[in-house]
Colleague: 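Below you'll find the structure I mean.
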Protein chains: 2
Amino acid sequence: MFKELNPLLHSELRLAVMSVLLSVESADFVFLREQTGATAGNLSVQIDKLQKAGYITVEKGFKGKMPRTTCAITQEGVSAFEEYVAALRSYIGKGL
Amino acid sequence: MFKELNPLLHSELRLAVMSVLLSVESADFVFLREQTGATAGNLSVQIDKLQKAGYITVEKGFKGKMPRTTCAITQEGVSAFEEYVAALRSYIGKGL
DNA sequence: TAAAGTAGTTTATAATATAAACCAAATTTT
DNA sequence: AAAATTTGGTTTATATTATAAACTACTTTA
């Protein structure tokens with residue numbers, strides 16, 4: 001009847017992060033913070049979870065002298081997102 | 001950019017309950033439990049939250065001698081659900 | 001060099017979801 | 001008819017989660 005909603009994606013901020021990353025090659029921490037409107041602390045935690053799940057890659061480098069964290073979605077992440085959307089459909093119908 | 005996801009609806013079980021109630025005139029506790037696969041305890045709690053939010057009505061009566069709880073979605077509940085779906089679209093695109 | 005800003009992380013707290021335990025009445029079994 | 005089981009739930013305890021606040025480390029500006 002209802003498909004299970006991947007709890008890692010069924011989170012407002014993590015879903016927003018994934019949504020942004022789906023539409024760009026890569027995005028840095030600041031960009032993600034701006035796009036999602038999240039606090040840095042919350043974003044930091046959620047990025048970590050997505051990375052540990054293998055849904056995104058996280059690279060820490062420097063832009064000049066300032067730290068810069070760059071994120072990108074993985075193929076696994078894309079698949080998980082697609083499955084999540086498919087599962088949602090079982091709750092919502094094609095009406096979405 | 002991203003619309004807020006009503007936290008009352010952004011819950012797997014509550015969303016499932018709302019989804020069932022959208023498709024029927026009314027449904028009793030047992031039917032909802034069967035359709036959602038939830039435990040009775042969890043369902044009881046989530047029904048309570050939906051009722052307190054004004055998204056469903058809950059009537060407690062008897063079927064013969066056995067207690068029977070009947071739920072139905074309210075107009076407010078329908079609207080909230082529709083808004084939730086619209087908000088989801090901002091995360092998911094029309095792809096849903 | 002002091003103050004303020006940047007880019008984050010860690011930690012504490014509050015809210016949530018969930019199942020386990022429980023309850024009362026009805027039904028079934030022995 | 002007593003005991004055991006089932007039904008239809010509710011309450012409570014626990015574990016997880018989301019979130020912001022506080023903090024760290026470094027850089028830029030005044």
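None of these values were measured; they are calculated from a predicted model. Note on naming: letters A, B, ... go to the chains in the order of the sequence lines (proteins, then strands), and numbering restarts at 1 for each one.
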Colleague: Under the salt bridge (charged side-chain N to carboxylate O under 4.0 Å, His left out) rule, what pairs show up with a residue in residues 6-19 of chain A, not counting sequence neighbours?
Modeller: none
Colleague: Is there a chain of hydrophobic side chains (I, L, V, M, F, W, Y, each step under 4.5 Å between heavy atoms) that links Ile47(A) to Val45(A)?
Modeller: no
Colleague: Between Phe81(B) and Ile92(A), is there a side-chain heavy-atom distance shorter than 4.5 Å?
Modeller: yes
Colleague: What verdict does the side chain to side chain contact (heavy atoms under 4.5 Å, CB included) test give for Gln46(A) and Thr36(A), after you've listed the backbone C-alpha separation in whole Å, the side-chain angles of each residue and the deciding distance to 0.1 Å?
Modeller: CA-CA 12 Å; Gln46(A) 306 312 328; Thr36(A) 62; over 6 Å; no
Colleague: Would Leu32(A) and Gln35(A) satisfy side chain to side chain contact (heavy atoms under 4.5 Å, CB included), going step by step from the backbone distance to the final call?
Modeller: CA-CA 5 Å; Leu32(A) 286 173; Gln35(A) 294 294 306; 5.7 Å; no
Colleague: Applying ring pair (Phe, Tyr, Trp, His ring centres under 6.0 Å), name anything that partners Phe2(B), two or more places apart in sequence or on another chain.
Modeller: Tyr91(B)
Colleague: Mind calculating the distance between NZ (Lys49(A)) and P (dT10(C)) to the nearest angstrom?
Modeller: 14 Å
Colleague: Taking atom C1' of dG8(C) as reference, at what distance in whole Å does atom CD of Gln51(A) sit?
Modeller: 14 Å
Colleague: For DNA chain D, determine which residues of residues 22-45 of chain A have any heavy atom closer than 4.0 angstrom to one of its atoms, and list them numerically.
Modeller: Thr39(A), Gly41(A), Asn42(A), Val45(A)
Colleague: Is Leu43(B) linked to Val30(B) within one hydrophobic cluster, defined over Ile, Leu, Val, Met, Phe, Trp and Tyr using a side-chain heavy-atom separation of less than 4.5 Å?
Modeller: no
Colleague: Among residues 6-20 of chain B, which residues get a heavy atom nearer than 4.0 Å to DNA chain C?
Modeller: Ser11(B), Arg14(B)
Colleague: Would you kindly give the CD1-to-C1' distance between Ile47(B) and dA17(C), to the nearest whole Å?
Modeller: 15 Å
Colleague: Shared ILVMFWY cluster between Val17(B) and Val78(B), side chains joined below 4.5 angstrom?
Modeller: yes
Colleague: Going through the distances and angles, do Phe29(B) and Thr70(B) end up as a side chain to side chain contact (heavy atoms under 4.5 Å, CB included)?
Modeller: CA-CA 6 Å; Phe29(B) 190 94; Thr70(B) 307; over 6 Å; no
Colleague: I need the CG-P distance between Leu5(A) and dA17(C), as an integer number of Å.
Modeller: 13 Å
Colleague: Please list, in numerical order, the residues of residues 59-71 of chain A that have a heavy atom closer than 4.0 Å to any atom of DNA chain C.
Modeller: Lys60(A), Met66(A), Pro67(A), Arg68(A), Thr69(A)
Colleague: Quick one: side-chain hydrogen bond (donor to acceptor under 3.5 Å, both in side chains) partners of Asp28(A), sequence neighbours excluded?
Modeller: none
